[in-house]
Amino acid sequence: MDNPQTAIQADTAAGGAENPGPMIVGENVVKRFESNETCIEVLTGVSFEVYRGETIAVVGASGIGKSTFLQIVGALDPPDRGHLYMEGGNVYAMEEAALARLRNEYVGFVFQFHHLLPEFDALENTMMPVLIRSNDRKSARKKAEAMLVRVGLENRIHHRPAELSGGEQQRVAIARALVLKPSLLIADEPTGNLDEKTSDRIHELLASLNRELDMTLIVGTHNMRLASLMARKLTIRDGQIVELSQAGE
């Protein structure tokens, strides 16, 4: 299949675009890690729903399973048990090629470390997802330039990562994640290495892009200022997902 949305909608009932149901469903998700004959169950059978356009913060101390949860939801790491559905399609039942297309086109990722390729400039880094999909350099350049302008880097597009500030590097990473306008953006500690002022600008950018692109945004963070911008706050306690009524609760 050329379109990953075709794959994830394979099990969806007729009228999918008008279906008011959840965009993402997790059912009895279990994830464990084994080390030196010790088994730690980070997720102990969690079920959850995410709706299109939502903003969600996954908060809490290091080691509770925030990154693990985000990697499962983002189709990066399969659970040991349970199922993840996107638009009704069983994600981890897909063939590897379809799963790779899903990650490339349907889900965008931003991490604490920008993971930009140092030998390429901002424009070339941002073009990468488009080139992976089609190898159409003209289209890739046009899309990348437009997204770099949107994140405020129109005067920095030909600078390499080493020539950019930390905040600018993260803006390039955001542009790269969104260049194909994915339905879901997952950001894992996106401002963990930035100062407070720069972090606030990135927070505002993410919130603005969520509204503008009508994408679903799930952020893992220690930063309560960022969490406060999200409509829902979740934490993981004893392997279960708990919804918080207040960001600091």
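Numbers for residues simply follow the sequence, beginning at 1.
Environment of CD in Glu96: crowded, with over 12 heavy atoms of neighbouring residues, nucleotides or ligands closer than 6.0 Å. No more than 12 heavy atoms of other residues, nucleotides or ligands lie within 6.0 Å of NE2 in His83, so this atom counts as exposed by the packing criterion.
Looking at residues two or more places apart in sequence or on another chain, you find a ring pair (Phe, Tyr, Trp, His ring centres under 6.0 Å) between His115 and Phe111. Residues that satisfy the salt bridge (charged side-chain N to carboxylate O under 4.0 Å, His left out) test with Glu204, not counting sequence neighbours, are absent from this structure. When the side-chain hydrogen bond (donor to acceptor under 3.5 Å, both in side chains) test is applied to Arg141, the partners found at least two apart in sequence or on another chain are Glu145.
Counting all heavy atoms, side chain and backbone alike, His222 lies closest to Ser62 at NE2-OG, 3.2 Å. The two atoms that bring Gly53 and Asp214 nearest to each other are CA-OD1, 4.2 Å, heavy atoms only. Minimum heavy-atom separation, Tyr51 to Glu54: N-OE1, 2.8 Å. Closest approach of Ala75 and Val91 over heavy atoms only: CB-CG1, 3.8 Å.
Using modelled atom types and a 3.5 Å distance limit, the side chains of Arg150 and Ser208 yield a donor-acceptor pair. Using a 3.5 Å distance cut-off with no hydrogens or angles, the side chains of Thr55 and Asn210 do not pair a donor with an acceptor. There is a side-chain donor-acceptor pair under 3.5 Å between Gln240 and Thr44.
Clustering ILVMFWY residues whenever any of their side-chain heavy atoms sit less than 4.5 angstrom apart, transitively, puts Ile56 in the very cluster that holds Phe109. At a threshold of 4.5 Å between side-chain heavy atoms, the hydrophobic network of Ile, Leu, Val, Met, Phe, Trp and Tyr places Ile24 and Val30 in two separate groups.
Distance alone, capped at 3.5 Å, places no donor-acceptor pair between the Thr221 side chain and the Glu189 backbone. Put simply, the side chain of Lys66 gets close to the backbone of Gly60: a donor and an acceptor are under 3.5 Å apart. At distances below 3.5 Å, not a single donor-acceptor pair connects side-chain atoms of Glu41 with backbone N or O atoms of Arg32. Checking side-chain atoms of Arg232 against main-chain N and O of Val50 turns up no donor-acceptor pair under 3.5 Å.
Applying side-chain contact (heavy atoms from CB on, under 4.5 Å) to Leu185 and the options Leu209, Val107, Leu206 leaves one that passes, Leu206.
The pair Lys233-Glu243 does not meet the salt-bridge criterion, since no charged nitrogen lies less than 4.0 angstrom from a carboxylate oxygen. Using a 4.0 Å cut-off between a side-chain N of Lys or Arg and a carboxylate O of Asp or Glu, Lys31 and Asp77 qualify as a salt bridge.
Between the CD1 atom in Ile157 and the CE atom in Met147 there is a gap of 14.0 Å [rounded to 0.5 Å].
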